[in-house]
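Right, one structure below, let's go through it.
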Amino acid sequence: MKRNHIILLALIFVSAISVNLYYYLNRTVTLQFYAHPDKLGVMEEVIAAFEKDHPRIKINYVQLPDDTNDKYEIISNKLSTQQDAIDVFDADVTWPSIFVKSEWVANLDPFFSEDELEGYLSSAIDAATVDGMLYGIPYRIDSGVLFYRKDLLEKYDFRVPKTYKELSETALAIKVKEPELNGFAASWKNFEGLTCSFFEILWSGGYDIDTAQTPYRFEAQGVNETLTLMQSMIHTDKIVSTEALNYSSGDLRAAFIEGNLIFMRDWPTGWRKLSEAPELKDKIAVAPLPSLKSGQDSYGAFGGWMYMVSKDSKHKKEAVEWIKFLTTYENEKLMNLKYNYIPSRVALYSDEEVLERMPFLDDMFDYFNQSKPRPKVANYDELSLLLQAQVHLTLQNGQTPSDAILMLDQLLPRLLY
């Protein structure tokens with residue numbers, strides 16, 4: 001009797017395990033996915049394909065606003081509540097350090113092999129890495145580049161400038177022939193684009209910011225040379241119009257399309273709009289930015305977006321499956337062809353269809369692959385705002401580069417760390 005009782009209990013136990021295992025294996029998981037707005041319906045197609053291949057994973061797609069600051073506010077608010085409200089989300093390249101310090105995001109190293117990561121640009125993986133650990137998977141990149149009027153350089157027999165000195169000399173020489181043109185412009189209004197331009201010139205002189213200790217420190221000589229160059233382009237050589245101090249990317253591209261610029265610092269994502277404009281068709285090309293000093297490498301400020309996973313997600317395994325699907329060769333290529341995204345995958349830089357749309361990608365691969373991330377510090381926003389204010393005031397001739405250096409020395413120790 002006792003033996004029969006034990007057998008009955010064992011059968012009940014096995015049956016319970018079987019029911020729970022069946023439920024576990026057949027349960028449906030819904031991932032909360034926050035990402036860019038899908039204006040062309042492409043993401044909906046990708047979601048449908050994923051759900052067909054993964055019938056037990058559903059994607060609840062929340063479309064974020066266009067504005068990056070609005071995106072940041074929504075994402076950070078969701079993550080800070082720690083209420084399992086978000087699983088996978090779009091992240092700007094400047095966010096990882098902030099989110100890691102806040103302990104909001106999951107380390108993805110256990111989910112990706114070295115072979116998988118080697119398929120991406122090293123600069124893209126570097127931007128997603130904080131303190132040696134991987135927190136995001138890049139799906140699109142950006143980097144500051146030089147757009148130029150190749151028809152004008154060919155007409156007056158000039159080569160693409162390697163230094164800003166050569167750029168100024170070339171622009172001034174062409175302006176003698178065509179005085180209505182502005183030689184150079186960039187997005188130098190008081191916003192993030194100005195921070196990027198500042199760092200690009202600083203880096204190309206062999207300088208950087210030291211964030212290893214607090215307060216952060218800039219080399220005075222590097223800041224002086226960078227600001228002196230930027231200021232002189234506006235007020236001494238006059239190859240940059242003061243209008244550039246109010247340019248966002250849209251304003252900048254509008255001026256280039258109107259045919260008013262010889263050289264322009266911009267992001268390569270603007271290529272299709274610019275190259276297809278009737279005024280510029282077959283007249284423009286893309287090159288690495290110049291250097292501050294001859295013999296120094298030039299660097300674009302690395303930009304772009306990545307997918308991250310909330311540390312509080314209860315579905316990390318499924319979240320990673322979704323990210324791996326989003327960032328396949330085929331899906332990155334689809335986004336490139338539809339949305340003009342610059343790929344994060346190495347193989348796409350030799351894809352014939354991609355190169356037909358963006359012929360400069362092949363020649364620019366090495367440059368993109370060495371692009372530098374902006375300082376990976378948790379208080380990056382405060383640092384950038386401080387820099388923007390001091391650089392913009394200097395470019396307005398409101399203070400000298402030396403004054404700006406004194407102000408930075410006084411204000412950097414006041415940043416919240």
Side-chain angles (χ1 to χ4, degrees), residues 142-153 155-156 158 160-204 226-277 279-280 283-292 298-301 303 360 387-388 391-398:
D142 236 335
S143 176
V145 297
L146 183 71
F147 282 80
Y148 65 95
R149 287 281 301 274
K150 64 179 182 180
D151 60 320
L152 292 174
L153 267 61
K155 180 178 178 179
Y156 297 110
F158 285 104
V160 179
K162 299 293 186 183
T163 65
Y164 284 100
K165 182 174 184 292
E166 289 181 11
L167 184 147
S168 293
E169 291 171 348
T170 301
L172 288 169
I174 293 176
K175 278 174 63 66
V176 170
K177 306 289 186 179
E178 304 194 32
E180 73 281 3
L181 295 177
N182 285 314
F184 178 72
S187 302
W188 283 357
K189 70 180 289 185
N190 194 350
F191 81 132
E192 183 63 23
L194 181 59
T195 304
C196 293
S197 285
F198 170 82
F199 273 115
E200 286 165 347
I201 297 172
L202 185 79
W203 293 329
S204 74
T226 298
L227 293 181
T228 298
L229 169 70
M230 297 173 78
Q231 193 180 59
S232 66
M233 293 173 96
I234 300 172
H235 301 289
T236 305
D237 293 339
K238 298 186 177 180
I239 63 167
V240 176
S241 167
T242 55
E243 293 177 355
L245 298 180
N246 297 309
Y247 279 170
S248 63
S249 293
D251 304 315
L252 177 66
R253 290 168 190 166
F256 200 51
I257 288 172
E258 288 170 7
N260 296 335
L261 292 173
I262 304 168
F263 298 107
M264 174 180 73
R265 183 271 176 211
D266 196 15
W267 305 99
T269 44
W271 166 261
R272 190 170 307 170
K273 179 178 180 180
L274 295 168
S275 64
E276 293 178 356
E279 301 90 337
L280 296 178
K283 294 181 179 179
I284 65 171
V286 175
L289 287 169
S291 295
L292 181 60
S298 66
Y299 301 94
F360 61 88
L387 280 173
Q388 291 165 33
V391 174
H392 200 258
L393 182 61
T394 306
L395 299 190
Q396 290 175 310
N397 256 356

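- N190 places none of its side-chain heavy atoms less than 4.5 Å from the side chain of L393.
- No donor-acceptor distance shorter than 3.5 angstrom exists from the side chain of S298 to the backbone of S204, with no hydrogens or angles considered.
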Checklist entry - Stepwise, does the side chain to side chain contact (heavy atoms under 4.5 Å, CB included) test hold for T195 with V391? => result CA-CA 8 Å; T195 304; V391 174; over 6 Å; no

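- Counting all heavy atoms, side chain and backbone alike, L280 lies closest to F256 at CD2-O, 3.5 Å.
- Distance check: L261 CG to L181 CG gives 8.0 Å after rounding to the nearest 0.5 Å.
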Compile the donor-acceptor pairs under 3.5 Å between side chains in residues 234-246 and protein atoms, sequence neighbours left out, one pair per line.
from	atom 1	to	atom 2	distance (Å)
H235	NE2	L395	O	2.7
S241	OG	E243	N	3.0
E243	OE1	Y247	OH	3.3

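- Within the 4.5 Å cutoff, the side chain of W271 has no heavy atoms near those of the V145 side chain.
- Checking side-chain atoms of Q388 against main-chain N and O of L194 turns up no donor-acceptor pair under 3.5 Å.
- Closest approach of G183 and K175 over heavy atoms only: N-CD, 4.0 Å.
- Separation of atoms CD1 (I174) and CD1 (I262) is listed at 4.5 Å; rounding is to 0.5 Å.
- Nearest approach of L289 to Y299, heavy atoms of both residues: CD1-O, 4.1 Å.
- Atom CG of L252 is separated from atom CZ of F147 by 9.0 Å, given to the nearest 0.5 angstrom.
- Distance check, rounded to the nearest 0.5 Å: CG of N397 to OG1 of T394 gives 9.0 Å.
- Residues F263 and P161 form a side-chain contact, since some pair of their non-hydrogen atoms from C-beta on lies under 4.5 Å apart.
- Rounding to the nearest 0.5 angstrom, the gap separating the CD1 atom in I201 from the OG1 atom in T226 is 6.5 Å.
- Here K283 pairs with R149, D151 under the side chain to side chain contact (heavy atoms under 4.5 Å, CB included) rule; sequence neighbours left out.
- Residues L167 and P290 approach most closely at CD1-CG, 3.8 Å, considering heavy atoms.
- Residue pairs meeting the ring pair (Phe, Tyr, Trp, His ring centres under 6.0 Å) criterion with at least one partner in residues 173-201, sequence neighbours excluded, are F198-F218, F199-W203.
- Other residues, nucleotides and ligands place no more than 12 heavy atoms under 6.0 Å from the NZ atom of K162.
- Shortest non-hydrogen contact noted between V160 and A287 is CG1-CB, 3.8 Å.
- The list of salt bridge (Lys or Arg N to Asp or Glu O under 4.0 Å) pairs with a residue in residues 261-277, not counting sequence neighbours, reads E200-R265, R253-D266.
- Every residue two or more places apart in sequence or in another chain that forms a side chain to side chain donor-acceptor pair (under 3.5 Å) with T269 is listed here: D142.
- In terms of the side chain to side chain donor-acceptor pair (under 3.5 Å) criterion, S249 has no residue partners (sequence neighbours excluded).
- Among all heavy-atom pairs drawn from A301 and W267, the shortest one is O-CZ3, 3.3 Å.
- Residues M264 and L274 have side chains in contact (heavy-atom distance under 4.5 Å, counting atoms from C-beta outward).
- Atom CE in M230 sits 11.0 Å away from atom OG1 in T228 (nearest 0.5 Å).
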